[in-house]
Visitor: 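Take this structure first; my questions come after.
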Amino acid sequence: MTMKEASERYQIPVKILKEYESFGLCEAVKKVMGEWQYDEQDIERLSMIMTLHDIGFDKGEVETYMHFMMEGEKTQRQRIAMLDQKRGRTLDEIHFKEKQIEHMDYLRYEMQKSTLA
């Protein structure tokens, strides 16, 4: 299927398809009449790329992860380490936001307390 067909059928942004091509992961993708042709394995890889984007990976992290994935089980530790690192950073962000909310709630409480007195 062409880039346009893959984008429409699987709701994959063209930007992601072009990114996929730039990673050099398209060994199975054939160019026919000037257009890339995607097979089911490509669609599975694209799904993984979209998942990685959704969880906050930047383009470089996605490319690294995908190259590790293409190497198979021998890179499982590296992929787990990448996911653990992203998870840790996400938890740090959540905890920071929770602290901000606590401070906001305290300020609101203090203001409400002073208006009731």
Side-chain angles (χ1 to χ4, degrees):
M1 96 187 52
T2 66
M3 183 183 289
K4 183 179 178 188
E5 291 167 339
S7 177
E8 289 172 0
R9 179 185 283 175
Y10 296 103
Q11 304 301 305
I12 302 169
V14 171
K15 176 184 172 191
I16 300 292
L17 294 170
K18 289 182 179 185
E19 186 174 289
Y20 176 63
E21 291 174 11
S22 77
F23 292 163
L25 302 172
C26 300
E27 297 97 27
V29 181
K30 295 173 182 70
K31 211 167 188 183
V32 177
M33 295 177 60
E35 286 198 78
W36 291 98
Q37 296 293 315
Y38 297 90
D39 62 19
E40 287 306 312
Q41 189 175 26
D42 293 310
I43 300 303
E44 288 174 22
R45 289 184 194 130
L46 286 163
S47 176
M48 175 59 75
I49 288 170
M50 289 173 47
T51 298
L52 294 171
H53 276 289
D54 287 347
I55 64 175
F57 275 51
D58 64 30
K59 182 179 177 180
E61 291 169 326
V62 171
E63 183 173 9
T64 300
Y65 188 95
M66 292 305 296
H67 281 288
F68 282 148
M69 193 176 101
M70 297 293 289
E71 292 180 35
E73 283 190 34
K74 67 181 180 181
T75 63
Q76 185 173 356
R77 283 191 180 148
Q78 291 97 324
R79 287 180 281 145
I80 289 172
M82 288 182 76
L83 292 169
D84 287 345
Q85 186 178 37
K86 181 59 73 178
R87 184 178 189 279
R89 287 193 305 250
T90 302
L91 283 172
D92 289 344
E93 290 173 23
I94 289 169
H95 294 144
F96 177 75
K97 293 293 184 184
E98 286 174 336
K99 287 251 186 250
Q100 286 180 319
I101 290 170
E102 287 174 21
H103 291 295
M104 284 183 243
D105 289 346
Y106 174 75
L107 291 172
R108 290 180 63 212
Y109 167 78
E110 287 296 315
M111 282 191 281
Q112 289 171 346
K113 186 172 82 170
S114 68
T115 59
L116 295 176

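Just so it is clear, the structure is predicted and the values come from calculations on it, not from any experiment. In what follows, every heavy atom counts, from backbone to side chain, and hydrogens, waters and symmetry copies are set aside.
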Visitor: To the nearest 0.5 Å, tell me how far K74 NZ sits from F68 CZ.
Guide: 10.5 Å
Visitor: What's the separation between atom NE2 in H103 and atom CG in D105, rounded to the nearest 0.5 Å?
Guide: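 Here the interatomic distance stands at 10.5 Å.
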Visitor: Would a 4.5 Å heavy-atom cut-off, applied to side chains only, mark M82 and F57 as touching?
Guide: yes
Visitor: When you measure from the side chain of T90 to the backbone N and O of K86, does any donor-acceptor pair fall under 3.5 Å?
Guide: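 Yes, because the side chain of T90 sits within donor-acceptor range (under 3.5 Å) of the backbone of K86.
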Visitor: When you compare the side chain of L46 with that of Y10, does any pair of heavy atoms fall below 4.5 Å?
Guide: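 No. Closest side-chain heavy atoms not under 4.5 Å.
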Visitor: Take atom CZ in R89; do more than 12 heavy atoms of anything else shown fall under 6.0 Å from it?
Guide: yes
Visitor: Answer whether the closest heavy-atom distance between the side chains of Y38 and E5 falls below 4.5 Å.
Guide: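 When only atoms from C-beta onward are counted, E5 and Y38 do not touch, as no gap falls below 4.5 Å.
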Visitor: Would you say T75's side chain and Q78's backbone share a donor-acceptor pair under 3.5 angstrom?
Guide: no
Visitor: State whether the side chain of S7 and the backbone N or O of I12 hold a donor-acceptor pair below 3.5 Å, judged by distance alone.
Guide: yes
Visitor: Verify the neighbour count for atom CD of Q100: are there more than 12 heavy atoms of other residues, nucleotides or ligands below 6.0 Å?
Guide: yes
Visitor: Can you name the closest pair of heavy atoms from Q11 and M50 and give their distance?
Guide: O-CE, 3.8 Å
Visitor: So, taking the atom named NE2 in H67 and the one named CE in M69, what distance separates them when rounded to the nearest 0.5 Å?
Guide: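 Reported to 0.5 Å precision, the distance equals 11.0 Å.
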Visitor: If the threshold is 4.0 Å, N to carboxylate O, is there a salt bridge linking R45 and D42?
Guide: yes
Visitor: Check whether E61 reaches the backbone of D58 with its side chain - one donor and one acceptor, N or O, closer than 3.5 Å.
Guide: yes
Visitor: If you define the side chain from C-beta out and look only at heavy atoms, does anything of L52 sit under 4.5 Å from M66?
Guide: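 Yes; the side chains approach each other to less than 4.5 Å.
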Visitor: Give me the atom names and distance for the closest heavy-atom approach of R79 to G72.
Guide: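 It is NH2-O, 3.0 Å.
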